[in-house]
Participant: 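Structure incoming, see below.
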Amino acid sequence: MKVLIVDDNVEFGSTIADIVSDFGYKYENIYKPTLAIEYLSKHHSSIGIVLLDIEFGPEEQLSGLDVLEAIRKSHPSLPVVMVSGKGTIETAVRATKLGAMNFIEKSIISKEKIKEVLNSALGKKQQGEEEEIRKFLEANGIIARSKAMLDVGDRIIRFGRTDLNVLITGETGTGKKLVAKAIHAASRRNKYPFVTVDIPNIPKELFQSELFGHIKGAFSGASENKKGLFHQANKGTLFLDEIGDMSLSLQSNLFIPIEEKVVRKVGSVQSEEMDIRFVSATDKDLLEGIKDGNFREQLYHRLRECEIHLPSLQERQEDIPEIIKYFLQKHNADFNDEKFFAPSALDYMQEQTWRGNVRELSSVLRVTLQTATTKQIEVSDLHRIISNSSQTIETQVVAPAISLGNTLKEDLALVDKRKIETTLEQCRGNVSKSAALLGVSRETLHNKIRKYDINVQSYRQKKTV
């Protein structure tokens, strides 16, 4: 991994480069902010940390803070340390809000300080740091020890400390709402409300009233003034759950509130300022939605200043024993019980696919622990619950009409088409997720969709505001 040094002072940049080199790290020196952004667009995967000057010469159009903001939008997980020759508290606060990992003045930079910054940013974690992340996650209901989830925890904490809007993506049941609450807990807003907007369950005709409130007489039935969810979330966090399910016609209502932080009650001519941080979540491919004309690109960029993608349970199988242990201890404490899992039962749980992710696993655990008649949980206890509650794609596929007049190729095509349709229905038209469940590439699935003339849009319209 390289250290990217961005500073218009050639002598200072060379000095930092020598120190970085002494510690065994490669480096890249860039002296113009625009060139730094251009370089990162092509080589960001090779950069481990950016040491970024704040002040550049008057001939430059961008400041270091402008570069920081651009980095946060394009490469949200890349650590950035701001370096200043004449720093102010206001500048430091703004840099921190924009997501800077640290802020140091040139006058106090030393070899030891650079070493400390590099060790912290480039993965040489101080003893106990991973344990602190794990404890933070567990305190917020997220049980994890896998590297994938510890990386998620690191992003939650770093992004949480900023005021940037965060988009959380991942399959159904991966814990997106828990992550949203953890972001709020890590933020300066944690003493203020965390308010959830349950997008799919707000009637379209009440959407504006629910979010922005209304004044008395604004419409039939508005017998008194009402505050909306934006008012409730003032100074705190507004969580837009299932944002991908919002209908296209309503999406533009969020542009001004998100961009300018002002709202206007239905029926009112007066705007009110709101201090709100936006966190959104979806299991849909929003970029695919933009291409298909179902999601507005302007809204996507406003909501996704940072992104946290949650791995499926299949991608973090080493966490399954920890999750089981957590639910087992909680059950035994709550019910004054002494249940435990047979080793074969633990192995069996790790062998399952868990297409419903942590939500499905936790449901099976709760039912099993509360209905098992013996203290030791066996494979038979689990199999009974999983068989009854888990509706896999294979059991949902209805056999198409097979005709003796068809060729084998025609019958196989009917089965193929029906399975694709069933999977798209389960995934509410999400092509990427359907391809993953079917074990094919998105390109292959798109080709089959065209071949069988399947209307993907019809599956996406089944659950919108």
Side-chain angles (χ1 to χ4, degrees), residues 33 36-37 40-41 44 47 50 52 62-82 91 93-103 151-170 176-177 179-190 192 194-197 199 230 233-244 246 251-263 274-282 284-287 289-290 295-310:
I37 294 173
L40 280 170
S41 70
H44 63 91
I47 300 300
V50 180
L52 176 61
L62 301 179
S63 70
L65 290 176
D66 293 327
V67 177
L68 171 62
E69 193 166 5
I71 292 173
R72 277 292 153 263
K73 288 182 179 179
S74 301
H75 319 291
S77 61
L78 181 60
V80 179
V81 173
M82 304 304 293
T91 305
V93 169
R94 188 179 168 203
T96 302
K97 284 185 177 181
L98 286 172
M101 177 183 177
N102 208 335
F103 180 93
D151 286 346
V152 167
D154 180 59
R155 287 190 176 94
I156 290 172
I157 294 169
R158 283 196 289 112
F159 296 166
R161 290 170 179 167
T162 75
D163 256 356
L164 297 170
N165 297 330
V166 183
L167 175 65
I168 306 167
T169 59
K176 293 186 287 294
K177 187 169 185 178
V179 168
K181 288 182 176 179
I183 291 170
H184 178 72
S187 76
R188 64 181 179 85
R189 301 171 178 273
N190 58 20
Y192 296 97
F194 174 90
V195 177
T196 298
V197 181
I199 298 287
F230 273 77
N234 193 27
K235 296 185 180 181
T237 301
L238 190 70
F239 176 47
L240 302 171
D241 197 12
E242 302 291 357
I243 188 65
M246 181 180 287
Q251 291 172 22
S252 59
N253 287 289
L254 296 179
F255 289 174
I256 292 176
I258 295 173
E259 186 75 20
E260 301 179 17
K261 302 294 177 69
V262 295
V263 300
M274 292 290 155
D275 177 16
I276 294 174
R277 199 266 186 91
F278 294 89
V279 177
S280 311
T282 182
K284 293 186 180 299
D285 184 340
L286 295 186
L287 289 176
I290 292 171
F295 201 83
R296 297 184 186 273
E297 187 173 1
Q298 305 98 305
L299 181 58
Y300 174 78
H301 291 302
R302 283 171 168 86
L303 293 175
R304 187 196 172 275
E305 292 181 319
C306 297
E307 181 175 341
I308 296 177
H309 180 74
L310 299 188

Participant: Return the CZ to NZ distance between R188 and K235, rounded to the nearest 0.5 Å.
Facilitator: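 Result: 10.5 Å between the selected atoms.
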Participant: Starting at NZ of K177, measure out to CD1 of I168 and round the result to the nearest 0.5 Å.
Facilitator: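 Reported value, rounded in 0.5 Å steps: 11.5 Å.
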Participant: Do you know which of D241, L240, I243, L254 makes side-chain contact (heavy atoms from CB on, under 4.5 Å) with V197?
Facilitator: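 Of the listed options, the one satisfying the test is L240.
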Participant: If you measure from CG on L78 to NE2 on H44, what distance do you get to the nearest 0.5 Å?
Facilitator: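 Taking CG in L78 and NE2 in H44, the distance rounds to 9.5 Å.
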Participant: Calculate, to the nearest 0.5 Å, the distance between atoms CG and CZ belonging to N165 and R304 respectively.
Facilitator: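 Going from the CG atom of N165 to the CZ atom of R304 covers 12.0 Å.
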Participant: Decide, yes or no, whether a salt bridge links R189 with D163 under the criterion of side-chain N to carboxylate O below 4.0 Å.
Facilitator: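 Salt bridge flag = yes for D163 with R189.
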Participant: Taking all heavy atoms of M82 and all of V80, pick out the closest pair and write down the distance.
Facilitator: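 Shortest heavy-atom separation between M82 and V80 comes out as SD-CG1, 3.9 Å.
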Participant: Taking everything shown except Y192 itself, do over 12 heavy atoms lie less than 6.0 Å from its OH?
Facilitator: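 No - once you tally the heavy atoms of other residues, nucleotides and ligands closer than 6.0 Å, there are 12 at most.
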Participant: Give, for atom CE of M246 and atom CZ of R296, the distance between the pair rounded to the nearest 0.5 Å.
Facilitator: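 So the gap between those two atoms works out to 11.0 Å.
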Participant: Using only heavy-atom distances, determine whether the side chains of S63 and D66 contain a donor-acceptor pair under 3.5 Å.
Facilitator: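 D66 and S63 do have a side-chain donor-acceptor pair below 3.5 Å.
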Participant: Which atom pair, heavy atoms only, marks the closest approach of L238 to A233?
Facilitator: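 Taking every non-hydrogen atom into account, CD1-CB, 3.8 Å.
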Participant: In terms of heavy-atom contacts, does CZ of R158 have more than 12 from other residues, nucleotides or ligands at under 6.0 Å?
Facilitator: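 Buried by this count: over 12 neighbours within 6.0 Å.
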Participant: Using 0.5 Å steps for rounding, measure from the CG atom of L52 to the CG atom of L65.
Facilitator: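 Rounded to the nearest 0.5 Å, the CG-CG separation comes out at 8.0 Å.
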Participant: With I308 as reference, evaluate D151, I183, L167 under the side-chain contact (heavy atoms from CB on, under 4.5 Å) test and give the passing residue.
Facilitator: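 The side-chain contact (heavy atoms from CB on, under 4.5 Å) with I308 is passed solely by I183 among D151, I183, L167.
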Participant: For a quick test of reading the model, state the closest non-hydrogen atom pair linking I258 to K261 and the distance between them.
Facilitator: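 Taking I258 first and K261 second, the nearest heavy atoms are O-CE, 3.5 Å.
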Participant: Given side chains that start at C-beta, do those of F230 and V195 come closer than 4.5 Å, heavy atoms only?
Facilitator: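 The answer is no; the side chains never approach within 4.5 Å.
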Participant: For residues K284 and G244, report the shortest heavy-atom separation together with the two atoms involved.
Facilitator: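 For K284 versus G244, the nearest heavy atoms are CD-O, 3.4 Å.
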Participant: Quick check against the 3.5 Å criterion: does R277 have a side-chain atom that pairs as donor or acceptor with the backbone of L164?
Facilitator: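 Answer holds: yes.
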Participant: Between R302 and F278, is NZ or CZ placed under 6.0 angstrom from the six-membered ring centre and within 45° of the ring axis?
Facilitator: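 Not satisfied by the 6.0 Å and 45° rule.
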Participant: Please find the pair of heavy atoms, one from T169 and one from K176, that lie closest to each other, and give the distance.
Facilitator: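 Minimum heavy-atom separation between T169 and K176: C-CD, 4.0 Å.
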Participant: Crowded around I256 CD1? As in, over 12 foreign heavy atoms under 6.0 Å?
Facilitator: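 Open: at most 12 neighbouring heavy atoms sit under 6.0 Å from CD1 of I256.
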Participant: Can you name the closest pair of heavy atoms from I37 and A70 and give their distance?
Facilitator: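 Result for this residue pair: CD1-CB, 3.9 Å.
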